[in-house]
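Letters go in sequence order (proteins before strands), and every chain restarts at 1.
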Amino acid sequence: MTTDQTSCWIDAAAANLGIAIDPEWKPNVAMFVEVARSMARLVEATGAASTSEAAPVFTPRDAE
Amino acid sequence: MSAVLPTGATAISRAVAEGEASAEEIARAALARIDARNAEIGAFTDLTRERALAEARAVDRARAGGNALGPLAGVPYAVKNLYAIAGISTRAGSKISAADPPAAGDALLVSRMKAAGAVLLGALNMGEYAYDFTGENAHYGPSRNPLDTTRMTGGSSGGSAAAVAAGFVPVSLGSDTNGSIRVPAAFCGLYGLKPTYGRLPRTGTFPFCDSLDHVGPFARSVADLALVYDALRGHDPSDPVCADRPAEVLTPAIVMGHAGLRIAVATGYFRADADPGALAALDRAAKALGATGEIDIPQAAEARAAAFLITNAEGSALHLERIRHRPADFDPDTRDRFIAGALLPASWYVAAQRFRRMFENILADIFRRYDVILAPATPTSAPRLGQKTLTIGGKEVPLRAHMGIYTQPISFIGLPVAAVPIRSGAAMPYGIQVIAPPWREDLCLRVAASLEAAGLYLPDATPTTHI
């Protein structure tokens with residue numbers, strides 16, 4: 001993803017979520033989004049998303 | 001009463017039980033140490049002076065009345081300021097939550113400490129909302145490493161480590177989502193225990209990332225660590241994650257040593273970016289234990305990446321309203337990461353949660369061959385306060401993002417870990433992780449006790465024999 005594409009993504013997602021990002025903060029936010037992208041690339045390459053069950057297990061409790 | 005007061009938890013509880021010291025004089029001595037040096041160390045954000053004296057006097061009255069005392073009778077302690085303390089706002093390291101109404105009651109583990117006779121001295125500094133490996137805090141100042149006050153304590157349980165390493169209290173409670181007990185324990189030369197995920201109830205603690213949050217103790221000895229853990233253990237349904245299973249006492253186990261255990265040293269990912277001191281500390285520990293096995297844990301980098309995504313997404317979702325309405329009131333070092341985390345696609349988060357199960361299976365296979373794995377706790381010793389980058393593997397990288405590279409893959413699947421301090425010739429100590437299969441905290445502390453007995457934390461100590 002290019003710098004411009006990351007910037008557009010941040011602008012669109014932040015607007016949808018109602019988050020106002022000060023222009024001074026945005027380069028740092030973009031850096032963290034890019035770090036997360038690189039992490040996601042590693043995780044996606046494991047194939048876990050389509051071959052493994054999710055770790056959280058919800059166990060309904062008895063009614064009180 | 002006594003001329004020289006004991007300072008360890010085990011020694012204090014014994015002295016109080018035997019009438020060699022009163023809980024009140026122990027508490028007053030601890031408060032005097034805090035009054036003398038807390039401004040320099042930055043460990044405490046809130047002192048519960050009156051409560052401490054009242055709890056100490058209650059212990060002394062119980063003894064005078066011939067009543068049975070708890071296992072932590074008269075032991076001073078303090079908690080990371082994300083634990084609820086009745087009458088005090090739960091800061092969680094933040095300016096925003098510091099303005100919340102005071103907590104109506106204590107966190108469950110604070111209640112258990114009180115029931116065991118321990119004496120609460122206050123709440124401890126931490127990185128904002130626990131999203132931190134440094135111990136720095138823009139609102140309350142940094143916790144400073146008592147071994148060298150120009151250096152970081154590590155975080156996010158920085159005050160919890162500083163209070164114990166400075167000798168303010170013998171034990172403290174912290175939390176660990178990605179390494180927040182193990183990193184500060186390593187930097188400050190302490191023992192820490194991150195129990196199995198779901199072992200200790202987190203009720204009454206300010207959350208960070210539900211999928212990965214753990215709570216646990218710090219101490220200056222393995223015996224004290226076990227003593228506190230034994231008082232904390234036990235299922236409680238108020239935390240849905242807390243497992244309803246037997247919770248064995250650890251104190252009797254620590255004398256068993258490591259004989260008969262199959263111990264392996266983690267290689268590959270867990271050595272690649274460690275500095276020479278970290279590798280020397282790991283090698284000293286392996287030599288002292290006679291550990292010759294080596295294991296290259298597959299996909300550790302992917303595990304660390306998945307832990308990063310889960311933390312970023314869950315933590316940001318937790319704070320979304322604060323990010324929307326009060327972003328300028330955050331510590332700038334956490335704010336931008338929380339904002340970024342709020343924007344991530346859900347598919348990344350779900351993939352990370354699914355990989356968690358896959359990685360659990362990888363470790364389950366390894367634990368069929370080994371009982372315990374040794375790994376570094378951090379790639380370096382404590383950095384200077386204010387330092388922003390690290391040089392690891394010949395590359396300059398952001399410090400905050402990289403100090404947890406060895407701890408994150410382990411807590412990702414909730415394995416129990418003891419952090420053990422080791423010296424390796426450098427000015428500052430290192431820490432290693434003693435990692436066991438789920439629910440086997442006893443193995444962690446047996447090995448930790450063997451390393452303690454080998455004297456690897458003593459300056460210039462050289463182990464002469466396998467113990």
Side-chain angles (χ1 to χ4, degrees), chain A, chain B residues 197 210-212 237 240-241 244 298-299 301-314 316-317 320-321 323-325 327-328 330 332-333 335-345 347-362 397-398 400-401 412-414:
Chain A
M1 188 175 267
T2 66
T3 303
D4 282 349
Q5 286 172 321
T6 300
S7 180
C8 290
W9 176 11
I10 291 170
D11 290 343
N16 273 298
L17 285 164
I19 298 172
I21 302 177
D22 188 296
E24 271 189 28
W25 309 340
K26 195 171 169 187
N28 213 29
V29 172
M31 186 267 286
F32 285 118
V33 167
E34 284 304 323
V35 170
R37 262 190 80 76
S38 68
M39 299 290 182
R41 217 174 280 129
L42 272 176
V43 175
E44 286 177 343
T46 68
S50 57
T51 59
S52 179
E53 62 180 301
V57 175
F58 177 75
T59 306
R61 285 179 278 190
D62 292 330
E64 293 181 5
Chain B
Y197 180 71
D210 287 333
S211 291
L212 304 175
V241 165
D244 188 4
Q299 297 194 301
E302 288 83 347
R304 184 248 175 166
F308 178 100
L309 293 171
I310 292 169
T311 305
N312 203 202
E314 286 193 22
S316 299
L320 185 56
E321 282 303 300
I323 294 166
R324 280 178 173 142
H325 301 298
F330 276 79
D333 277 321
R335 179 197 56 223
D336 298 345
R337 282 183 292 164
F338 278 131
I339 292 174
L343 313 179
L344 304 187
S347 60
W348 293 0
Y349 173 78
V350 173
Q353 285 286 13
R354 288 181 178 269
F355 180 66
R356 197 174 176 199
R357 189 69 75 199
M358 187 180 277
F359 193 62
E360 180 192 35
N361 291 333
I362 289 170
V397 296
R400 283 173 177 267
F412 175 55
I413 51 167

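- Among the candidates A20(A), A36(A), A45(A), the residue making the largest number of heavy-atom pairs closer than 4.5 Å to chain B is A36(A).
- When each of N16(A), T46(A), D22(A), V33(A) is scored by its heavy-atom pairs under 4.5 Å with chain B, the top score falls to T46(A).
- Using a 4.5 Å cut-off between heavy atoms, L320(B) contacts chain A through its side chain alone, with no backbone atom that close.
- Contacts between L343(B) and chain A at a heavy-atom distance below 4.5 Å involve backbone atoms as well as side-chain atoms.
- Looking only at heavy-atom pairs under 4.5 Å with chain A, the residue among F338(B), F359(B), F355(B), Y349(B) that has the most is F355(B).
- Between the E44(A) side chain and the A351(B) main chain, no donor and acceptor come within less than 3.5 Å of each other.
- Judged by the 6.0 Å distance and 45° axis criteria, R356(B) is positioned over the aromatic ring of Y197(B).
- Considering CD1 of I323(B) and OG of S316(B), their distance stands at 5.0 Å, rounded to 0.5 Å.
- Comparing R337(B), Q299(B), R304(B) by heavy-atom pairs within less than 4.5 Å of chain A, the highest count is held by R337(B).
- Between the side chain of R354(B) and the backbone N or O of S52(A) there is at least one donor-acceptor pair closer than 3.5 Å.
- Neither the backbone nor the side chain of P398(B) comes within less than 4.5 Å of any heavy atom of chain A.
- Heavy atoms only, all atoms of each residue included: S211(B) and Q353(B) are closest at OG-NE2, 2.9 Å.
- Of the atoms belonging to T51(A), it is side-chain heavy atoms, and not backbone ones, that fall under 4.5 Å from chain B.
- Shown here are the salt bridge (charged side-chain N to carboxylate O under 4.0 Å, His left out) partners of E24(A), two or more places apart in sequence or in another chain: there are none.
- I21(A) touches chain B through its side chain: at least one heavy atom from C-beta onward sits under 4.5 Å away, while N, CA, C and O do not.
- With chain A as the partner, the residue from A301(B), A401(B), P237(B), P240(B) showing the most heavy-atom pairs under 4.5 Å is P240(B).
- Note that the CG atom of L309(B) and the CD atom of E314(B) stand 11.5 Å from one another [nearest 0.5 Å].
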